[in-house]
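Basis for what follows: all heavy atoms, side chains included, without hydrogens, waters or symmetry-related copies.
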Amino acid sequence: MESAQGPHSVRLYVYDLSRGLARRLSPVMLGKQLEGIWHTSIIVFDEEFFYGGGGITSCPPGGTLLGHPDTVVDLGNTEVTEEIFLEYLSSLGESGFSGESYNLFDHNCNTFSNEVAQFLTGRKIPSYITELPSEVLSTPFGQALRPFLDSIQIQPPGGNNFNRQSGPS
């Protein structure tokens, strides 16, 4: 555990859930180029924090089955203490980021990472990540798939859930 004194480094892990398939298939399927299907998480206090169908979860950095991220974005530093951050996560889990609130297009891991990044550093995550759902839905194929895709919940295996208590299990 890092000391309570700041500043603490904040990073964004970016994973391509398609493992390169989006780059190859999106021009044919969507009529536009997508570089990936992005899953993100926030790394702070030597933990990786992410959101999915199981709620807010944490694990050691790179500890999900997704392995190592495709990209790491330095979001800067935070003066927020670990104790305050864990209280913040607990309140997020009780309010807007329960597993039941997850929606692939409107309320997902990237929504969570963006909100947490702003809380910790005042900076948003890159727009190419947050704008991906609207890019997909702006295509006829995306619109046709939406009813099916709305039923999908993504939860990378590995990690401790935050929603049932104040902190990781």
Side-chain angles (χ1 to χ4, degrees), residues 10-44 48-59 61-76 88-164:
V10 180
R11 292 170 290 151
L12 179 75
Y13 275 16
V14 182
Y15 301 91
D16 177 10
L17 295 176
S18 77
R19 303 278 188 199
L21 283 176
R23 189 177 308 111
R24 289 189 295 245
L25 298 178
S26 62
V28 173
M29 296 179 77
L30 298 176
K32 62 169 48 180
Q33 181 70 51
L34 298 181
E35 292 303 311
I37 304 296
W38 309 119
H39 168 75
T40 59
S41 58
I42 296 288
I43 311 303
V44 66
E48 180 172 356
F49 297 91
F50 55 95
Y51 173 66
I56 299 171
T57 308
S58 73
C59 65
T64 71
L65 287 182
L66 298 174
H68 296 290
D70 295 292
T71 308
V72 177
V73 178
D74 181 4
L75 295 174
Y88 167 74
L89 284 184
S90 181
S91 70
L92 276 185
E94 292 169 5
S95 58
F97 286 92
S98 66
E100 297 80 34
S101 301
Y102 182 87
N103 179 280
L104 186 63
F105 289 107
D106 302 318
H107 197 72
N108 56 42
C109 60
N110 303 321
T111 312
F112 170 79
S113 293
N114 197 43
E115 190 157 322
V116 172
Q118 289 178 76
F119 173 78
L120 291 171
T121 68
R123 294 179 58 192
K124 294 182 175 185
I125 68 172
S127 61
Y128 75 88
I129 295 168
T130 56
E131 293 170 0
L132 179 65
S134 59
E135 276 200 57
V136 170
L137 292 176
S138 72
T139 68
F141 189 68
Q143 282 296 309
L145 281 180
R146 180 155 195 171
F148 167 72
L149 294 175
D150 274 342
S151 69
I152 294 176
Q153 292 194 347
I154 295 173
Q155 179 68 26
N160 301 306
N161 195 283
F162 259 86
N163 292 338
R164 290 172 189 80

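The minimum heavy-atom distance linking Leu89 with Phe49 is given by the pair CD1-CD2, 3.3 Å. Of all heavy-atom pairs spanning Gly36 and Leu132, the tightest one is O-CD2, 3.6 Å. The nearest pair of heavy atoms linking Thr121 to Gly76 is CG2-C, 4.4 Å. Nearest heavy atoms, Leu34 versus Ser26: N-OG, 2.8 Å. Taking each heavy atom of Gly62 and Glu48 in turn, the nearest pair found is N-OE1, 2.7 Å. Contact detail for Ile42 and Ser113: the closest heavy-atom pair is CD1-O, 3.6 Å.
Side-chain contact check for Leu66 versus Leu17: some heavy-atom pair is nearer than 4.5 Å. Looking at Asn108 and Pro133, their side chains come closer than 4.5 Å, going by heavy atoms from C-beta outward. Side-chain contact check for Ile129 versus Leu12: some heavy-atom pair is nearer than 4.5 Å. Looking at heavy atoms from C-beta onward, Val73 lies out of side-chain contact with Ile125 at the 4.5 angstrom threshold. Counting only heavy atoms from C-beta outward, the side chains of Leu92 and Val116 approach each other to under 4.5 Å.
Checking Asn110 against Thr130 by side-chain atom types alone, no donor-acceptor pair falls below 3.5 Å.
You'll find the ring centres of Phe112 and Phe50 outside the 6.0 Å limit.
Gln143 pairs by the side chain to side chain contact (heavy atoms under 4.5 Å, CB included) definition with Leu137, not counting sequence neighbours. For Tyr13, the ring pair (Phe, Tyr, Trp, His ring centres under 6.0 Å) test picks out no residue, with sequence neighbours left out. Taking the side chain to side chain contact (heavy atoms under 4.5 Å, CB included) definition, one finds that Phe141 meets it with Met29, Leu30, Thr139, Leu145, sequence neighbours left out. Legend: residues meeting side chain to side chain contact (heavy atoms under 4.5 Å, CB included) with Asp70, ordered by chain and number and at least two apart, are Tyr15, Asp16. For Tyr88, the ring pair (Phe, Tyr, Trp, His ring centres under 6.0 Å) partners at least two apart in sequence or on another chain are Phe119.
Distance alone, capped at 3.5 Å, is enough to place a donor-acceptor pair between the His107 side chain and the Gly96 backbone. At distances below 3.5 Å, at least one donor-acceptor pair connects side-chain atoms of Tyr51 with backbone N or O atoms of Ser98. In this structure a side-chain-to-backbone donor-acceptor pair under 3.5 Å is missing from Arg11 to Val72. Here the side chain of Gln118 pairs a donor or acceptor atom with the backbone of Asn114 at under 3.5 angstrom.
Residue pairs that meet the salt bridge (charged side-chain N to carboxylate O under 4.0 Å, His left out) test with at least one member in residues 25-36, sequence neighbours left out, are Arg23-Glu35.
Atom CD of Gln33 and atom CD of Glu135 lie 10.5 Å apart (nearest 0.5 Å). We find the OG-CZ distance between Ser90 and Phe97 to be 14.0 Å, quoted to the nearest 0.5 Å.
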